[in-house]
Amino acid sequence: MTPEALLYNYLVVGAILFALGMVGFLARRNLIIMFLCAEMMLQGVALNLVAFARFRANLQGQAFTLFILTVAACEAGIALALILTLYRNRRSLDVSLWQDLREPGVERTVDLEPLPPPPPEVPSPKLTPAGVEPGHRKETSHV
Amino acid sequence: MACLAGVVLLGAILFVLQATFNGHDLNRGLSLSNEAPNPVLPAENVAALGRILFTDYLLAVELGGTLLLVATIGAIAIAARHAEELR
């Protein structure tokens, strides 16, 4: 396989990764899924860098990919912390609940396809009480 | 809608790739230096990578470490509950 063909294959895989990440980022509404799709786009770009580094036979591309991974790790930590905070506030991971954060002057996006209703809560199983409940001692004196 | 956008993006990228690889000699078209057309990578890749990281990119490595530390502290500061909420 010629080096050009090898580079071409790597670039095609990188393009597919990037397109998949973009589709997921635009189509999904779960915050964590969107975050993972952004990571996937990042990996597509990193794959391009490695492919060109191999094609050019220098190490700058690989070194830069290491820095990309470093920044991606930082971003993952911060993003998960932010998602945790948002989840604590609204008890949901849906992005459309956070439209208050949009830019001023932008219209509010209306959901054409509302979320399915949440599944009914399964009642937690109740165990039959076993043993004898100890008698509570009453307060004898009220001062 | 998003799937359509993704398909259009993928098609555009693949079209550009195909045109580039068919139309131009990539070595002459994109080359920025006068090195040999297809040189080979050093045999011990990891050792050479470590060498280049700790010579040419030493400042960037240190900055990356600092960035990781700051991101860790920031993540803890964002996500940690206060002591009163724990009770």
Side-chain angles (χ1 to χ4, degrees), chain A residues 2-12 14-29 37 41 44 48 52-88 112-113, chain B residues 1-18 20-22 24-27 30-33 35-42 45-46 48-54 56-57 60-61 63-81 85:
Chain A
T2 65
E4 282 84 8
L6 201 62
L7 176 65
Y8 181 75
N9 292 341
Y10 274 115
L11 293 187
V12 167
I16 290 173
L17 268 180
F18 191 89
L20 270 182
M22 201 190 76
V23 167
F25 193 83
L26 292 180
R28 302 297 294 264
R29 287 165 59 171
C37 288
M41 285 196 276
N48 271 9
F52 271 108
R54 161 143 194 171
F55 182 69
R56 291 276 159 222
N58 53 24
L59 288 169
Q60 275 96 3
Q62 296 184 31
F64 196 70
T65 306
L66 279 182
F67 292 122
I68 286 184
L69 289 183
T70 308
V71 176
C74 297
E75 177 208 334
I78 298 286
L80 287 179
L82 284 175
I83 288 173
L84 185 63
T85 311
L86 295 181
Y87 179 76
R88 275 187 194 147
L112 299 177
E113 190 179 344
Chain B
M1 195 64 169
C3 290
L4 187 67
V7 169
V8 167
L9 175 74
L10 186 59
I13 293 176
L14 289 184
F15 175 73
V16 170
L17 271 183
Q18 195 68 47
T20 306
F21 275 83
N22 281 342
H24 303 285
D25 183 8
L26 207 63
N27 282 324
L30 289 180
S31 179
L32 296 177
S33 60
E35 55 190 335
N38 280 312
V40 287
L41 277 172
N45 192 20
V46 180
L49 195 57
R51 209 171 292 120
I52 199 177
L53 274 182
F54 282 97
D56 291 353
Y57 297 109
V61 167
L63 280 179
T66 314
L67 180 66
L68 276 171
L69 177 67
V70 171
T72 311
I73 295 174
I76 293 173
I78 290 174
R81 292 179 188 223
E85 296 175 15

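Note: hydrogens, waters and symmetry copies are ignored here, and every other heavy atom, side chains too, is used. Within every chain, numbering begins at 1; the chains are lettered A, B, ... in the order of the sequence lines, protein sequences first and strands thereafter. Treat the numbers as computed from the prediction; the structure is a model and nothing was measured.
Atom CG of Leu10(B) sits about 9.5 Å away from atom CE of Met22(A), to the nearest 0.5 Å. Note that the CD1 atom of Ile13(B) and the CD1 atom of Ile16(A) stand 10.0 Å from one another [nearest 0.5 Å]. Rounded to the nearest 0.5 Å, atoms CG (Leu82(A)) and CD1 (Ile78(B)) are 4.5 Å apart.
The parts of Leu67(B) that come within reach of chain A are both its backbone and its side chain, each placing non-hydrogen atoms under 4.5 angstrom from that chain. Heavy atoms of Phe67(A) lying under 4.5 Å from chain B belong exclusively to its side chain. Contacts between Thr85(A) and chain B at a heavy-atom distance below 4.5 Å involve the side chain alone, from C-beta outward. Interface residue Leu9(B): only side-chain heavy atoms are found under 4.5 Å from chain A. If you measure heavy-atom distances from Glu75(A) to chain B, you find no contacts under 4.5 Å at all. In this structure, the portion of Leu53(B) lying under 4.5 Å from any heavy atom of chain A is its side chain and not its backbone. Heavy atoms of Val61(B) lying under 4.5 Å from chain A belong to its backbone as well as its side chain.
With respect to chain B, the highest number of heavy-atom pairs below 4.5 Å among Leu59(A), Val12(A), Leu80(A) belongs to Leu59(A). Ranked by heavy-atom pairs under 4.5 Å with chain B, the first of Leu11(A), Leu66(A), Leu84(A), Val71(A) is Leu11(A). Of the residues considered (Leu63(B), Asn45(B), Leu4(B), Ile76(B)), Asn45(B) shows the highest number of contacts with chain A, using heavy-atom pairs under 4.5 Å. If you tally non-hydrogen atom pairs under 4.5 Å between each of Gly24(A), Gly14(A), Ala63(A) and chain B, the highest count goes to Ala63(A). Contact tally against chain A (heavy-atom pairs below 4.5 Å) for Leu68(B), Ile52(B), Val8(B): the top residue is Leu68(B).
Nearest approach of Gln60(A) to Tyr57(B), heavy atoms of both residues: CG-OH, 2.9 Å. Summarising the geometry of Ala5(B) relative to Leu26(A), their closest heavy-atom pair is CB-CD1, 4.4 Å, with the distance given to 0.1 Å.
Residue-environment remark: CZ (Arg28(A)) stays at or below the threshold of 12 foreign heavy atoms within 6.0 Å.
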